[in-house]
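Since the structure comes first, as structure tokens, the remarks are kept for the end.
To find a chain, count down the sequence lines: A is the first, B the second, and so on, and within it residues start at 1.
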2 protein chains.
Amino acid sequence: MPRKSDARQRAILTAARLFQRQGYFGTGLAQILEQSGAPKGSFYHHFPGGKEELALEAIHEASRGLESLFAAAAEASEEPGAFVRTLARGIAYWIEASDFTDGCPVAIFTLESTPAAPALQEACRESFVAWQRLIADGLSRNGGDRARAERLAEMLVAALEGALLLAMAEASTRPIEVIGEELAEHVATVMRSRGS
Amino acid sequence: MPRKSDARQRAILTAARLFQRQGYFGTGLAQILEQSGAPKGSFYHHFPGGKEELALEAIHEASRGLESLFAAAAEASEEPGAFVRTLARGIAYWIEASDFTDGCPVAIFTLESTPAAPALQEACRESFVAWQRLIADGLSRNGGDRARAERLAEMLVAALEGALLLAMAEASTRPIEVIGEELAEHVATVMRSRGS
DNA sequence: TATGTTCTATGGTGATTGTCATAGAACGTC
DNA sequence: GACGTTCTATGACAATCACCATAGAACATA
């Protein structure tokens with residue numbers, strides 16, 4: 001029954017890219033519509049909730065992208081230490097591909113979020129939780145203390161977010177490599193102490 | 001010889017607070033001037049560089065605040081593990097005091113920063129480097145491998161930034177406590193292996 | 001072909017953005 | 001008191017902001 005234009009999806013993808021580069025307030029609707037090629041006349045037809053609804057979709061889109069990255073890394077790694085190294089490599093590749101301009105959209109929305117937009121804050125929280133769970137799964141693939149894996153996963157989410165930040169500031173993947181190695185060592189030590 | 005009004009300093013302090021709450025683009029000059037009580041007529045007298053110059057000063061101001069926090073923690077802690085716990089406690093207290101609305105200004109500027117404003121990006125990089133050095137100093141107060149301390153310090157900066165982020169998203173100090181404990185354990189283990 | 005839904009073009013709304021020019025007030029110094 | 005500097009009040013600038021109303025085009029179904 002629906003006609004389904006691709007304008008909505010194009011806008012979301014473009015918005016996700018721009019938001020993670022300039023933030024929510026730094027990105028105007030005009031710029032999004034122009035770069036996406038989406039017609040400006042139908043914006044509020046596709047997004048009755050306006051810019052905030054678009055941002056919500058953009059967060060979900062960006063979150064899903066990271067989720068698949070984490071899931072793939074877990075799938076490809078047998079041992080916890082190798083898993084962490086794969087994660088770091090993936091993030092390094094990701095930030096380098098944008099010439100160190102595109103940071104984590106969830107992070108920037110978390111920092112910019114106002115109490116006036118609780119939906120966005122909630123979406124960010126959900127993303128972090130989802131990432132933590134995926135990483136905990138990857139850490140405990142070979143068994144081991146699940147509770148400890150979840151605590152480690154939370155630290156990994158935080159440390160990788162921070163590493164991404166430092167990499168952007170320095171315009172180099174070096175911080176990610178250094179921190180990734182440090183994390184891999186720690187995780188390997190901790191998870192080795194009790195296997196299944 | 002100069003008359004020296006306090007309008008400039010007031011604007012900087014207010015701007016620093018608002019920037020870390022809403023970001024650079026999310027904070028208007030009007031709001032800064034209104035909340036600081038600084039006269040709007042003299043803004044470009046005090047800040048010929050406009051909003052960007054104000055932002056630069058705000059970053060320096062915020063960075064110095066964190067620097068003194070880190071230095072104080074180093075001063076108060078004898079052992080690396082306790083030092084990390086003190087850091088985490090300080091950050092947790094800090095974010096809680098603002099009801100989880102005021103994040104790290106350096107982080108948000110790093111994420112929002114455009115290639116069009118290299119001065120801001122450079123200031124953020126300098127802040128991270130300064131923090132890393134202070135933390136490395138705190139870790140190696142009792143001797144130990146300095147190079148390793150610096151790598152650990154870089155990871156600590158990243159992880160604490162990430163922990164701050166998760167705490168904001170969750171509106172709770174819990175992530176900081178969990179991550180802080182995990183970090184303290186790791187640091188204590190690593191730095192114990194070779195003391196002076 | 002007729003009908004109803006989905007999508008888009010056009011144009012404009014009031015509000016706010018950062019920036020600035022001009023003039024005068026407040027002050028220290030001679 | 002006169003002079004020169006430092007600071008501020010006022011008011012305006014063009015540009016952009018998010019948002020929306022109206023009307024018509026494009027399409028699917030009947």
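Rounded to whole angstrom, the span from the CZ atom of A/F47 across to the C1' atom of C/dT8 amounts to 14 Å. The distance between atom CZ of B/F43 and atom C1' of C/dT22, rounded to the nearest whole Å, is 19 Å. Protein atom CG of A/L18 is 12 Å distant from nucleotide atom P of D/dC17, rounded to whole Å. Across the protein-nucleic acid pair, B/I32 atom CD1 and C/dT17 atom P stand 10 Å apart, rounded to whole Å. In this entry the distance linking CZ of A/R8 with P of C/dT6 reads 14 Å, nearest Å. Per the geometry, OH belonging to A/Y24 stands 12 Å off C1' belonging to D/dC17, to the nearest Å. Taking atom CG of B/L33 as the reference point, atom P of D/dA9 lies 11 Å away to the nearest angstrom. One interatomic measurement links the two molecules: NZ of A/K40 to P of D/dT16, which rounds to 13 Å at whole-angstrom precision.
Side-chain contact of B/Q121 with B/S113: a donor-acceptor pair under 3.5 Å is present, judged by distance alone. No side-chain donor from either of B/T14 and B/Q35 sits under 3.5 Å from a side-chain acceptor of the other.
An OP1 or OP2 oxygen of D/dC7 is reached within less than 4.0 angstrom by no side-chain nitrogen or oxygen of B/S42. Checking the phosphate oxygens (OP1, OP2) of D/dC20, no side-chain nitrogen or oxygen of A/Y44 falls inside 4.0 Å. Listed pair A/H46 / C/dT8 meets the phosphate criterion, a side-chain N or O lying under 4.0 Å from OP1 or OP2.
In terms of modelled atom types and a separation under 3.5 Å, the side chain of A/E170 and the main chain of A/S172 share no donor-acceptor contact.
Set against D/dC17, C/dT8, C/dT19, the side chain of B/L29 has C/dT19 as its closest nucleotide. Among D/dT8, C/dT8, D/dA18, the nucleotide with an atom closest to any side-chain atom of B/H45 is D/dT8. Closest to the side chain of A/P39, from the set D/dT8, C/dA9, D/dC19, is C/dA9.
If you find the closest nucleotide of DNA chain D to A/A30 and to B/G41, the one lying nearer the 5' end belongs to B/G41.
In this structure, the side chains of B/T189 and B/H186 stay at 4.5 Å or more apart for every pair of heavy atoms.
A cation-pi arrangement is present between B/K51 and B/Y24 under the rule of less than 6.0 angstrom and at most 45 degrees off the ring axis.
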